[in-house]
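Below is one structure, written out as structure tokens; comments come after it.
Note that the structure is predicted; figures quoted are calculated from it, not measured.
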Amino acid sequence: MTSQNSAEHARVLIVGSGPAGYTAAIYAARAGLEPIVLAGFAFGGQLMITTDVENYPGYPEGVTGPAMMEDLQKQAERFGSRLIFEDATSVDFSSRPFKAATDEASFTADSVIVATGASARWLGLESEQRFVNLGVSACATCDGALYRDKDIAVVGGGDTAMEEALFLTRFARSVTVIHRRSELRASKIMQSRALAHDKIDFIWDSEVDEVLGEKFVSGVRLKNVKTGDLHELAVEGLFVAIGHQPTTELFKGQLELDEAGYLQIEAGATRTSIEGVFACGDVADPDYRQAITAAGTGCMASIDAERWLGEQGFE
């Protein structure tokens with residue numbers, strides 16, 4: 001990092017973008033705090049790879065994820081937010097002013113809002129990535145309604161997979177859970193609900209070897225992990241539910257994380273373990289992971305930061 005004398009200073013520095021970061025920027029800018037947003041190269045977060053968003057208020061006809069992010073970006077810029085489309089490569093919260101850097105520039109800040117998000121864990125197949133938003137999804141709440149009266153599959157054996165499978169039964173004709181073990185890892189109550197549901201079937205000791213289809217998913221090829229046998233399952237949708245990975249590598253050793261790697265924040269607020277550093281969106285949310293909840297906590301983080309700055313006597 002370059003010397004502090006050459007670093008650009010911000011009263012509020014927002015690390016990350018997406019619904020959380022952009023909403024925080026809108027509120028901070030309207031409060032006259034002139035935020036700097038290190039939006040990242042992959043600005044907009046997971047919504048940049050989401051085709052149809054139908055559950056965000058204010059878009060009665062739905063909207064594509066990139067179009068929504070463009071709207072939020074323009075709104076943040078309209079009120080004076082400065083967006084920098086570079087990744088933060090280092091942060092230092094050991095003393096104030098806080099410090100952060102990209103490959104191209106360095107910054108100091110009176111307060112920091114972390115909005116780096118989380119990403120779904122994928123299976124690691126080339127065919128899986130080829131069909132993302134073309135039949136492959138990692139969010140039943142986001143995309144389930146698109147699979148009404150279709151046969152679909154869910155990969156996973158934990159609580160997340162059971163929650164996704166149960167939610168998808170509202171729309172799908174059938175849901176097949178594919179699990180690489182012979183028993184589920186989910187809690188007993190979630191297992192009981194899923195195993196008892198007449199729309200849910202299970203394929204045990206199996207993993208997805210390839211996602212099949214031309215323009216859209218038409219099936220999956222499964223491999224039995226014990227015998228090596230291959231067989232195909234005809235489905236029109238595949239939901240990968242093997243967990244999420246919060247983007248917190250940059251903050252390890254500086255901010256408190258939970259066992260899954262999510263930032264720890266104060267209940268009912270956005271304060272982290274370091275006074276003056278706040279967190280919002282999926283980076284601190286292992287439970288909901290929705291655009292609307294991310295935006296809500298972005299609002300909260302900005303208000304928390306504004307109030308904290310006032311208490312500290314910052315002009």
Indicate yes or no: at least one non-hydrogen side-chain atom of [X] is less than 4.5 angstrom from one of [Y].
X	Y	result
N55	V53	yes
Y22	Q75	no
L222	L230	no
I178	W204	no
I203	V177	no
F239	V175	no
L255	Q264	no
Q129	V132	yes

Would you say [X] has more than 12 foreign heavy atoms packed within less than 6.0 Å of its [atom1]?
X	atom1	value
R30	CZ	no
E214	CD	no
Y288	OH	no
R180	CZ	no
F251	CZ	yes
R130	CZ	yes

Any side-chain donor paired with an acceptor under 3.5 Å for [X] and [Y]?
X	Y	value
S174	D151	yes
R289	H244	yes
Y262	D287	no
E256	S273	no
H9	D110	yes

Aromatic ring centroids of F93 and F98 under 6.0 Å? yes
Charged N to carboxylate O under 4.0 angstrom, [X] versus [Y]?
X	Y	result
R11	E34	yes
D205	K226	yes
R82	E8	yes
E207	K223	no
K74	E70	yes
E275	R271	no
R221	D209	yes

I'd like to know if the side chain of [X] and the backbone of [Y] have a donor-acceptor N/O pair within less than 3.5 Å.
X	Y	answer
K199	R173	no
T89	A101	yes
N224	S206	no
T293	Q290	yes
T272	I265	no
S81	P35	no
T116	T247	yes
D92	K99	no
T23	A20	no

Testing the basics here: between [X] and [Y], what is the closest heavy-atom pair and its distance to 0.1 Å?
X	Y	result
L47	P19	CD1-CG, 3.5 Å
D282	A118	CB-N, 3.7 Å
G124	E128	N-OE1, 3.0 Å
L233	A153	CD2-CB, 4.4 Å
L38	A100	CD1-CB, 4.4 Å
A24	I113	CB-CD1, 4.1 Å

Taking a hydrophobic cluster as the set of Ile, Leu, Val, Met, Phe, Trp and Tyr residues connected by side-chain heavy atoms closer than 4.5 Å, whether directly or through intermediates, do [X] and [Y] fall within one such cluster?
X	Y	answer
F278	M300	no
I200	F167	no
L212	F131	no
L72	L83	yes
L166	I189	yes

Would R148 pass as a cation-pi partner of F171, given that its NZ or CZ must be under 6.0 Å from the six-membered ring centre and within 45 degrees of the axis? no
About how many Å separate [atom2] of [Y] and [atom1] of [X], when rounded to the nearest 0.5 Å?
X	Y	atom1	atom2	answer
I152	S137	CD1	OG	9.5 Å
S106	D103	OG	CG	12.0 Å
R307	Q312	CZ	CD	14.5 Å
T160	M190	OG1	CE	9.0 Å
I242	L123	CD1	CG	5.0 Å
E210	E232	CD	CD	9.0 Å

Between F85 and Q73, does the side chain to side chain contact (heavy atoms under 4.5 Å, CB included) criterion hold? Intermediate values first, please. CA-CA 11 Å; F85 297 102; Q73 175 188 328; 3.6 Å; yes
Check the pair D285 / T297 against side chain to side chain contact (heavy atoms under 4.5 Å, CB included), numbers first and verdict last. CA-CA 10 Å; D285 176 15; T297 57; over 6 Å; no
Between Y27 and F79, is the ring pair (Phe, Tyr, Trp, His ring centres under 6.0 Å) condition met? List the steps. CA-CA 9 Å; Y27 273 78; F79 293 113; 9.5 Å; no
List the steps, then state whether side chain to side chain contact (heavy atoms under 4.5 Å, CB included) holds for Y56 with M68. CA-CA 9 Å; Y56 195 94; M68 178 195 285; 3.4 Å; yes
Side chain to side chain donor-acceptor pair (under 3.5 Å) between D201 and T176, intermediate numbers included: CA-CA 5 Å; D201 293 314; T176 301; 4.9 Å; no
Derivation and outcome, side chain to side chain contact (heavy atoms under 4.5 Å, CB included), residues V155 and L238: CA-CA 8 Å; V155 180; L238 176 68; 3.6 Å; yes
